[in-house]
Amino acid sequence: MTQDELKQAVARAALEYVVEGHIVGVGTGSTANFFIDELGKIKDKIAGAVASSEVTAERLKSHGIQVFDLNEVDAMPVYIDGADEITRQGAMIKGGGAALTREKVVASAAEKFVCIADGSKLVETLGSFPLPVEVIPMARAVVARKLKALGGEPRLRLKDGKPLMTDNGCVIIDVLGLQIANPVELEEQINNIVGVVTVGLFARRGANVCLLGTADGVKTLTF
Ligand code: 5RP
């Protein structure tokens, strides 16, 4: 099976976690895109969705799914999203698609976080994937120095030769070379750096379930 076929398989399996008549929180990225395409097939069974990025909102709308502002939503049974890395304890690195802050906010409003990922995303220790940190633009140099002091190699994320701007008007610093032995502690430490909007570590509130696409089928990990 190709990586895309594995992503499609977990996206399809995630429909089982969608609660009829309710609003679904929807992530960002290629796996989330496959999920949106599946969700489009059952759009009449859900009340709508909350999107974690502008790109996701557009894709949801293109399927005729109503997109709600998070401020209009009181309860959300489930948030479904991909990950760049996930451990056997459910801690994740996210933000490869630069949507980490809205992903964390929407996930925080949901009762359950269902991570959908192909098998290559399962790791023993987080950190091979550069850790994304969303930062207020005027703070980028001072934050970069502090991230370096933590032992990482900070790199400003670029797009077409210019700093990539997030949906929130901020920049992303990717931190290379971290071996993250204690993700909860590092999440708190980086979130406490002044100028950081969000770190792409999802450990204090990790996934509740991970649907992992493997050659032997979709495996369900619960945490
Ligand atoms: C976007 C994310 C994505 O969930 C993560 O990058 C995984 O993406 P993909 O499903 O394309 O592998 O965090 O900000």
Side-chain angles (χ1 to χ4, degrees), residues 1-14 17 24-39 49-60 70 78-87 90-108 110 112-123 126-135 155 157-159 163-176 180 183 187 190-191 196-214 218 221:
M1 274 173 112
T2 65
Q3 198 175 20
D4 273 356
E5 284 168 341
L6 296 175
K7 289 179 181 186
Q8 249 161 351
V10 292
R12 227 172 286 126
Y17 291 83
V24 189
V26 182
T28 298
S30 57
T31 320
N33 281 346
F34 284 123
F35 172 68
I36 295 168
D37 297 344
E38 294 298 324
L39 199 59
V50 173
S52 60
S53 63
E54 302 294 344
V55 164
T56 285
E58 284 316 307
R59 197 175 184 102
L60 287 161
L70 182 60
V78 68
Y79 175 75
I80 298 177
D81 196 359
D84 298 301
E85 287 184 344
I86 182 162
T87 66
M92 295 169 282
I93 286 184
K94 292 185 45 54
L100 57 156
T101 299
R102 294 193 188 192
E103 289 171 343
K104 209 179 259 197
V105 172
V106 181
S108 77
K112 189 179 275 185
F113 188 134
V114 176
C115 173
I116 47 176
D118 66 84
S120 70
K121 306 291 182 66
L122 186 66
V123 297
L126 297 173
S128 295
F129 191 92
L131 178 64
V133 184
E134 184 163 0
V135 176
R155 298 244 175 96
R157 195 182 297 184
L158 302 178
K159 190 181 176 193
L164 176 144
M165 300 304 284
T166 67
D167 287 350
N168 310 310
C170 294
V171 296
I172 300 276
I173 296 176
D174 291 307
V175 190
L176 287 74
I180 306 172
E187 181 176 2
I190 296 180
N191 271 339
V196 167
V197 180
T198 317
V199 59
L201 270 172
F202 287 56
R204 288 186 66 238
R205 197 274 158 93
N208 301 101
V209 176
C210 176
L211 301 175
L212 202 66
T214 75
V218 175
L221 315 179

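Just follow the structure's listing: the first ligand is 1, and inside any ligand the first atom is 1.
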In ligand 1, the atoms that come under 4.0 Å of a heavy atom of Gly96 are 6 (O), 13 (O), 14 (O)
the protein heavy atom lying closest to atom 2 (C) of ligand 1 turns out to be Glu103 OE2, 3.3 Å
Here the pair of heavy atoms bringing Gly96 nearest to Pro132 is N-CG, 4.2 Å
Under 4.0 Å between heavy atoms, the region of Ser53 that gets near ligand 1 turns out to be neither
Quiz item: Would you find a donor on one side and an acceptor on the other, under 3.5 Å apart, between the side chain of Asp167 and the backbone of Glu54?
Solution: yes
Ignoring hydrogens and angles, tell me if any N or O in the side chain of Glu85 forms a donor-acceptor pair with the backbone of Phe129 under 3.5 Å. yes
heavy-atom search around atom 5 (C) of ligand 1 in the protein gives Asp84 OD1, 3.1 Å
One finds that the ligand 1 atoms under 4.0 Å from a non-hydrogen atom of Ala98 are 14 (O)
Distance-only polar pair, side chains of Asp118 and Ser120, donor-acceptor under 3.5 Å: yes
The atoms of ligand 1 lying under 4.0 Å from a heavy atom of Gly29, numbered in the order shown, are 11 (O)
Closest to atom 9 (P) of ligand 1 among protein heavy atoms sits Ser30 OG, 3.3 Å
If the contact criterion is a heavy-atom separation under 4.0 Å, does Gly27 count as touching ligand 1? no
The closest protein heavy-atom partner of atom 12 (O) of ligand 1 is Lys121 NZ, 2.7 Å
field: Side-chain donor/acceptor of Gln8 to backbone N/O of Phe34, under 3.5 Å
entry: no
Closest to atom 4 (O) of ligand 1 among protein heavy atoms sits Lys94 NZ, 2.9 Å
Next item on the list: Indicate yes or no for a side-chain donor-acceptor contact from Lys104 to the backbone of Leu201 under 3.5 Å, with no hydrogens or angles considered.
Entry: yes
Looking only at protein heavy atoms, what sits closest to atom 10 (O) of ligand 1 is Thr31 OG1, 2.5 Å
For Gly95, the ligand 1 atoms with a heavy-atom partner under 4.0 Å come out as 2 (C), 13 (O), 14 (O)
Evaluate Ala99 for polar contact with ligand 1, using N/O atom pairs at a separation under 3.5 Å. yes
So is there a nitrogen or oxygen of Ala32 less than 3.5 Å from a nitrogen or oxygen in ligand 1? no
Rounded to the nearest 0.5 Å, the CD1 atom of Ile116 sits from the CG atom of Leu6 at a distance of 12.5 Å
Under 4.0 Å between heavy atoms, the region of Ala83 that gets near ligand 1 turns out to be backbone
One finds that the ligand 1 atoms under 4.0 Å from a non-hydrogen atom of Asp81 are 4 (O)
Next item on the list: Answer yes or no for Lys94 and Phe202: cation-pi contact, defined as NZ/CZ to six-membered ring centre under 6.0 Å and angle to ring axis within 45°.
Entry: yes
Numbered in order shown, the ligand 1 atoms found under 4.0 Å of a heavy atom of Gly82 are 4 (O)
For atom 3 (C) of ligand 1, the closest protein heavy atom turns out to be Thr28 O, 3.2 Å
Here the atoms of ligand 1 under 4.0 Å from any heavy atom belonging to Lys7 are 12 (O)
